[in-house]
2 protein chains.
Amino acid sequence: MGGTEVDGYERLEDLARRPTIGMVAARAGVSRQTVSNAVNAPSRLRPETLAAVQVAIDELGYRPNQAARTLRTQATRVIGCRLLPSNYGGTGGVLDRLLHALCDTARSNGYDLLTFSTRDDDDEIEVYDDLLRRHAVDGFVLTNTHHGDARPDWLLERGARFVAFGRPWGRRGAQHSWIDVDGAKGTAAAVSHLAALGHTRIGFLGWPPGIGVADDRLAGWERQSRQFGFNTRGLLAQAEDGIASGRALAEELLSSSRPPTALVCVSDAIAIGALRAIEDRGWQAGQEVSVVGFDDSPVASVIRPGLSSLRQPVEAVANQLVETLLTVISGAPARPVRTLLAPRLVVRDSSGERRHRSPGVTASILKRQSQPGTMRPGTTRKEELA
Amino acid sequence: MGGTEVDGYERLEDLARRPTIGMVAARAGVSRQTVSNAVNAPSRLRPETLAAVQVAIDELGYRPNQAARTLRTQATRVIGCRLLPSNYGGTGGVLDRLLHALCDTARSNGYDLLTFSTRDDDDEIEVYDDLLRRHAVDGFVLTNTHHGDARPDWLLERGARFVAFGRPWGRRGAQHSWIDVDGAKGTAAAVSHLAALGHTRIGFLGWPPGIGVADDRLAGWERQSRQFGFNTRGLLAQAEDGIASGRALAEELLSSSRPPTALVCVSDAIAIGALRAIEDRGWQAGQEVSVVGFDDSPVASVIRPGLSSLRQPVEAVANQLVETLLTVISGAPARPVRTLLAPRLVVRDSSGERRHRSPGVTASILKRQSQPGTMRPGTTRKEELA
DNA sequence: CCGAGTCTTTGGATCGTTCATATGAACGAT
DNA sequence: ATCGTTCATATGAACGATCCAAAGACTCGG
């Protein structure tokens, strides 16, 4: 048993010569094509035949040779994706999480993920070129899109298949598909949440303007504050990412004549800096001043007090990216997919229930919130307090 | 020009039908094999022929189809590697850096990196199995080896090619090749460095025993301390990784009857916690108490005071891993490669020159440092105390 | 019992490359 | 001029899968 095979095929155990479709066919007593159908279109086979083939497949441990398959079908079933340092540009581990999610999603869709590391965009385009010419991938997932990004145009002109994580900043009618997280919606939700806690002077610690993500997150704070009728003047401070930077920004606003009682931050690093500034004053974050960060980086849940933060729905993003890319690969869709997903606010102690608050302010705030429209957390909140 | 081709081949610009070796051969007026030789063994061609073929290759932008190549040569030129969360188990971004370095090294050796994400080792073995059966990779790089690791045995039995980053903990005569960083050498260097600064009571904040990496780093501190004649009793504290954890451990040692004046830490997270504990006491890290961390995570250089830390030579590790793996792939070497690389101590303010120190000590210390040779500050120190 | 129609299975050709082998050219020595 | 030797290039056959067109098996009404 299990020794030599029908038709003169070698031993099962011979690893050097791994099973081919021909061996499976011989063992099951059918033709190669039938085995192929069993794998790729089982419905075409009569149940008994399928079962018999399946037995042979299992016994031999057969799986189609990827190279042979690729050669014939012209589909590699591989997705290329640039690898970015996980601590890249204040993304708080989001790209790291995305990469994992992409691996999982790709694999469960029968695709492999090929990663490469590049210094800059030009370098990246060179790698694209290489991979495309060698037929090593079916398509790409782009990350970290930005103003003046040369990659999408290059890929489009080339006729390559790809999807971007990130909007085509500064381009209205980009012809490619993309998925992104709605930063403005996130910071708006943060404002609503803080308003529901009774805050009326809500500041924003942002990155310098000009970068898409920075402007987006800023816009949400501004829009929602205005909608609530809150002042925004003198409540905005901007600087590069970083803990030290956040500390300085927060100190700047907190020491002003009319300081904010809550801070929405463009990143967790900035937010952690803000927490420091609050500690510096001998205050307690979440009490005197509430803080909300962005990206829910791993530290957010570890530090004391826990940092409330906006978590990007990375798994959903990965799903959409892969799903969209597969559609694009299987023949371009009628028109590009453009999807914005909402981040989710994870509330922790840095913006939790306040123990001490002035009753008057609370009441008036809650009145506003009961106005119809967007916000809900306040409404329920109000009833409970009344 | 550049329109239709000799021999009825399609237009150059036709991307759907990318150039094949046949088209290049036709254009250069040679046979397929000659083009193949031009690519794979240029020395076999007469210089003029090579030049002519090269022109045709460049004009058409030809690169060998990877799938066809793989099918024929049975070599995928792809390396598989598991993707770990970058904030995994207190590795302080080392695996993240390693992955980047692997990408670079692999690519410059003509290999691609295929990454996959798995929940646990069993899951990982399943992916190995899938990739091997599908002939999708030539070999693997294992990371995060540990006691009772089932992966190496499985791969060996299977006859798969792989190299591990990390020693086969708890296995003397493992039959596979591995590269690792000598943690003990690192912590020993930290002790020497601190001794050179005049410290004689050097504590160690570690992880719970039983894990290879933890024991390794602990051993270096212990060995080197003993060599200098320093006491180690009451200077060791261990707990799980984390900032909070490090803070508690440091507090424990610092509040003891005979507290340490310096702390070597098993990780940067623990070290950062130690810095906090030092601040808590109103002290200044690098002055009253010096601290050295491990892995030189990105935060180490950002925080104030900067954290001295032991940096793993990740690029060198990646180089060795790929080099070794390629050797293994091209036919197993006579015997497994086993390499230990030394980490490099990056000195920052947390263990810099101390401003205030007792003059007597300073003088004697400095005297010793001016002595030639390796570093015996400890020995001298001891004498001086006697 | 036959033939049309449907479902299942088959054999050969093919994807683009490299391997093994064969052929041709060049050269110096006899 | 002949021969062996080396080097450069050409030819046909793989590699292992899927596509294609067509043959075989089966069902069912006439």
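Convention: sequence-line order gives letters A, B, ...; per-chain numbering from 1. Since we're looking at a predicted model, the values are computed, not measured.
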Legend entry - Separation of D:dC15 P from B:Arg134 CZ (nearest whole Å): 22 Å
Legend entry - Listed nucleotide nearest any side-chain atom of A:Leu71, set D:dG16, D:dA10, D:dA13: D:dG16
Inset, instruction - Using only side-chain N and O atoms of A:Thr20, determine if any of them is under 4.0 Å from OP1 or OP2 of D:dC15. - result: no
Inset, instruction - Grab the CZ-P distance between B:Arg18 and C:dT17 for me, whole Å please. - result: 12 Å
Legend entry - For the student: nearest non-hydrogen atoms of A:Leu341 and A:Pro313, plus distance: CB-CG, 4.0 Å
Legend entry - Any strand: nucleotide that pairs with C:dA29 via Watson-Crick or wobble, under 3.5 Å: D:dT2
Legend entry - C:dT8 phosphate, OP1 or OP2, under 4.0 Å from A:Asn37 side-chain N/O: no
Inset, instruction - Scan A:Gln175, A:Arg158, A:Arg171, A:His176 and name whichever one has a side chain to side chain contact (heavy atoms under 4.5 Å, CB included) with A:Asp153. - result: A:Arg171
Inset, instruction - Tell me whether the OP1 or OP2 atom of D:dT9 has a side-chain N or O from B:Thr34 closer than 4.0 Å. - result: no
Inset, instruction - Decide yes or no, distance alone: a donor-acceptor N/O pair under 3.5 angstrom between the base of C:dT17 and the side-chain of B:Arg72. - result: no
Legend entry - B:Ser36 side chain near C:dT18 phosphate (N/O to OP1/OP2, under 4.0 Å): yes
Inset, instruction - Return the value, rounded to whole Å, for the distance between atom CZ of A:Arg77 and atom P of C:dC15. - result: 22 Å
Inset, instruction - For A:His135 and C:dC15, give me the distance from atom NE2 to atom P, rounded to whole Å. - result: 13 Å
Legend entry - Which residues share a ring-ring contact (aromatic ring centres under 6.0 Å, His included) with B:Tyr111, sequence neighbours left out: none
Inset, instruction - Have a look at B:Arg32 and say if it touches a base, only the backbone sugar-phosphate, or nothing, with a 4.0 Å heavy-atom cut-off. - result: base
Inset, instruction - For C:dG5, give its Watson-Crick or G-U wobble partner with both distances under 3.5 Å, or none. - result: D:dC26
Legend entry - Separation between OG of B:Ser330 and CZ of B:Arg161, rounded to the nearest 0.5 Å: 8.5 Å
Legend entry - Members of residues 62-69 of chain A that approach DNA chain D, where some heavy atom sits under 4.0 Å away: A:Tyr62, A:Arg63, A:Pro64, A:Asn65, A:Ala68, A:Arg69
Inset, instruction - Look at atom CZ of A:Arg133 and say whether more than 12 heavy atoms of other residues, nucleotides or ligands are closer to it than 6.0 Å. - result: yes
Legend entry - A:Val137, A:Leu113, A:Leu131 screened by side chain to side chain contact (heavy atoms under 4.5 Å, CB included) with A:Val78, the one that passes: A:Val137
Inset, instruction - Indicate, with a heavy-atom threshold strictly under 4.0 Å, whether B:Thr49 touches base, sugar-phosphate, or nothing. - result: sugar-phosphate
Inset, instruction - Mind checking the OG1-CD1 spacing from A:Thr115 to A:Ile79? Nearest 0.5 Å is all I need. - result: 12.5 Å
Inset, instruction - Considering just the side-chain nitrogens and oxygens of B:Gln74, establish if one lies under 4.0 Å of OP1 or OP2 belonging to C:dT18. - result: no
Inset, instruction - Verify the contact: side-chain N or O of B:Thr73 to OP1 or OP2 of D:dC15, cut-off strictly under 4.0 Å; return yes or no. - result: no
Identify each atom pair where a protein N or O and an N or O of nucleotides 20-27 of chain D are less than 3.5 Å apart, giving names and distance.
none

Inset, instruction - Could you check how far CG of A:Asn40 sits from P of C:dT9, rounded to whole Å? - result: 15 Å
Inset, instruction - Would you check if the side chain of B:Arg151 reaches a backbone N or O of B:Thr143 as a donor-acceptor pair within less than 3.5 Å? - result: yes
Inset, instruction - Kindly indicate, with the supporting measurements, whether the criterion side-chain hydrogen bond (donor to acceptor under 3.5 Å, both in side chains) is fulfilled by A:Thr327 and A:Thr324. - result: CA-CA 5 Å; A:Thr327 316; A:Thr324 307; 5.7 Å; no
Legend entry - Ring geometry between A:Phe140 and A:Phe116 (parallel below 30°, tilted from 30 to 60°, perpendicular above 60°): perpendicular
